[in-house]
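A short write-up of the structure that comes next.
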Amino acid sequence: MTTDLFKPQKVQHPIRTRLLEVKRVTELSPAMRRITLTGDDLAGFLSASFDDHLKLLVPEAPGAKPNIPTVGPAGLTFAEGKPRPEMRDYTPRRYDPVSNELDIDFVLHHDGPATEWASHAEPGHWLGIAGPRGSFVIPTVFDWHLLLGDETAIPAIARRLEELPATSKAIVVIKTAREDARIELHGQCERDVHWVSETENSPAGTGVFESTLRDLTLPQGEGYVWAAGEYSDIKAVRRYLVEERGIDKSRIRAASYWRKSAANSHEHFD
Ligand SMILES: Cc1cc2nc3c(=O)[nH]c(=O)nc-3n(C[C@H](O)[C@H](O)[C@H](O)COP(=O)(O)OP(=O)(O)OC[C@H]3O[C@@H](n4cnc5c(N)ncnc54)[C@H](O)[C@@H]3O)c2cc1C
């Protein structure tokens with residue numbers, strides 16, 4: 001039975017742009033770099049959900065300052081005659097108002113302006129951000145949470161695991177391209193973590209997400225599925241969960257975080 005207790009809430013935030021400076025760079029794995037940002041502009045930053053995203057405003061070259069748009073009634077407005085920064089979506093992994101730090105974790109193993117910037121980032125470099133513009137707040141009261149995704153979803157999944165209370169149960173399925181991309185996950189909740197790779201023996205015609213899910217018995221009670229990753233993978237996962245496992249669509253938040261052969265792709269399947 002659905003009650004308001006189980007209903008995700010949409011929260012809007014006034015849009016704000018910020019120019020931030022790299023404070024620290026941490027290698028989380030050979031496939032992921034954490035960039036810690038700081039600056040006076042960070043004051044008042046708000047991120048209400050692990051599902052949030054920022055628009056990164058990527059400078060033209062490492063070390064350069066991006067041209068920061070102003071915010072008007074029509075949204076972001078860019079100054080005439082100046083190069084527009086490339087914009088890409090990333091998860092605010094951790095914000096600490098006391099140390100005035102914002103962490104963003106970047107997957108490194110493909111080409112693209114955001115990845116290129118992150119690969120060369122060092123203290124003193126600049127990055128612009130806009131948002132988050134809104135948050136989709138999924139209640140923590142569910143009996144179980146299935147969190148599924150590829151490396152681009154690790155920041156959101158890791159943040160969710162740290163935010164869930166000790167009474168929660170999380171089932172986690174994360175696909176990485178290489179085994180050394182697997183990182184340590186923290187949090188108080190009970191968790192059952194499955195790190196998988198496409199090279200493992202998936203039955204013909206199904207991806208490793210689906211073959212892993214087929215072997216999983218989901219717990220009894222009220223549950224919620226959050227899934228993000230490559231477009232075709234997540235579309236197939238959602239279809240499998242709805243059509244073959246009978247999970248109600250209102251209990252699934254599924255998003256494409258990137259798409260093969262397409263730059264800057266973001267789509268929701270709900
Ligand atoms: C809401 C949201 C939150 C996200 N959070 C994060 C995050 O916290 N950390 C993170 O690393 N990514 C995250 N992503 C994914 C990230 O936005 C994309 O991977 C983005 O395309 C990277 O930009 P780019 O400039 O490096 O590459 P683009 O210029 O966008 O793409 C260049 C080429 O690289 C390919 N490509 C893009 N991403 C990948 C990939 N992961 N693996 C292989 N090939 C790829 C594209 O198909 C394209 O051919 C998030 C996406 C969304 C929508």
Side-chain angles (χ1 to χ4, degrees), residues 8 10 13 15 20 25-37 47-62 66 83-95 102-121 127-138 147-163 174-178 181-183 185 197-198 207-209 226-235 238 253-270:
K10 284 185 182 167
H13 310 294
I15 189 150
L20 302 174
V25 176
T26 312
E27 311 294 340
L28 298 182
S29 79
M32 186 171 268
R33 282 192 122 186
R34 170 164 297 162
I35 311 288
T36 301
L37 301 160
S47 172
S49 171
F50 74 101
D51 176 80
D52 284 356
H53 70 275
L54 305 164
K55 284 264 173 232
L56 301 194
L57 306 159
V58 184
E60 275 201 297
R84 275 188 180 214
E86 291 283 353
M87 298 203 283
R88 295 290 184 273
D89 293 343
Y90 278 76
T91 303
R93 169 69 179 83
R94 180 192 66 105
Y95 168 60
L102 173 69
D103 287 345
I104 302 176
D105 295 349
F106 290 79
V107 176
L108 294 177
H109 54 65
H110 61 272
D111 294 325
T115 306
E116 176 76 8
W117 179 85
S119 306
H120 294 97
L127 184 69
I129 63 166
R133 194 174 50 179
S135 300
F136 187 81
V137 182
I138 301 163
L147 304 167
L148 178 147
D150 64 19
E151 285 155 68
T152 60
I154 291 178
I157 292 175
R159 176 173 159 182
R160 181 61 158 175
L161 290 174
E162 289 166 17
E163 291 175 354
I174 302 176
K175 178 170 97 168
T176 59
R178 33 193 281 187
R182 301 173 185 187
I183 61 164
L185 299 167
S197 296
E198 209 58 75
V208 71
F209 280 132
W226 184 92
E230 200 281 326
Y231 177 89
S232 315
D233 277 353
I234 301 302
K235 195 174 175 190
R238 183 172 181 273
R253 171 84 162 167
S256 160
Y257 269 17
W258 64 283
R259 194 168 181 163
K260 277 178 193 146
S261 311
N264 194 23
S265 173
H266 182 188
E267 202 167 315
H268 279 282
F269 295 109
D270 323 74

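Bear in mind that the values here come from a model prediction, so they are computed numbers and not experimental data. Along the sequence shown, the residues carry numbers beginning at 1. Every number for a ligand or one of its atoms is a count from 1 in the order of the listing.
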Enumerate, atom names and distances included, each donor-acceptor pair closer than 3.5 Å involving a side-chain atom of residues 149-158, sequence neighbours excluded.
| unit_1 | atom_1 | unit_2 | atom_2 | d |
| --- | --- | --- | --- | --- |
| Asp150 | OD1 | Thr152 | N | 3.0 |
| Asp150 | OD1 | Thr152 | OG1 | 2.6 |
| Asp150 | OD2 | Glu230 | N | 3.1 |
| Asp150 | OD2 | Trp258 | NE1 | 2.9 |
| Glu151 | OE1 | His109 | NE2 | 2.9 |
| Glu151 | OE2 | Ala177 | N | 2.5 |

Donor-acceptor pairs under 3.5 Å, side chain of residues 52-61 to any protein atom, not counting sequence neighbours: which ones?
| unit_1 | atom_1 | unit_2 | atom_2 | d |
| --- | --- | --- | --- | --- |
| Asp52 | OD1 | Ser135 | OG | 2.9 |
| Asp52 | OD2 | Ser47 | OG | 2.7 |
| Asp52 | OD2 | Ala48 | N | 3.0 |
| Asp52 | OD2 | Ser49 | N | 3.3 |
| Asp52 | OD2 | Ser135 | OG | 3.2 |
| Lys55 | NZ | Asp89 | OD1 | 2.6 |

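Look at Glu162 and Arg160 and you find no salt bridge, because none of the NZ, NE, NH1 or NH2 atoms lies under 4.0 Å from a carboxylate O. A salt bridge is defined here as a Lys NZ or Arg NE, NH1 or NH2 lying under 4.0 Å from an Asp or Glu carboxylate O, and Arg93 with Asp103 fails to meet this definition.
Within 4.0 Å of ligand 1, the residues that place a heavy atom are His53, Arg88, Asp89, Tyr90, Thr91, Asp105, Phe106, Val107, His109, His110, Asp111, Gly112, Pro113, Ala114, Thr115, Thr152, Pro155, Tyr257, Trp258, Arg259, Lys260, Ser261, Ala262, Ala263, Asn264, His266, listed by chain and number.
Applying the side chain to side chain contact (heavy atoms under 4.5 Å, CB included) test to Glu163 and every residue at least two apart in sequence or in another chain returns Phe50, Arg159.
Taking the six-membered ring where the residue is Trp, Tyr257 and Trp226 present perpendicular rings, their angle passing 60° and hence far from 30°.
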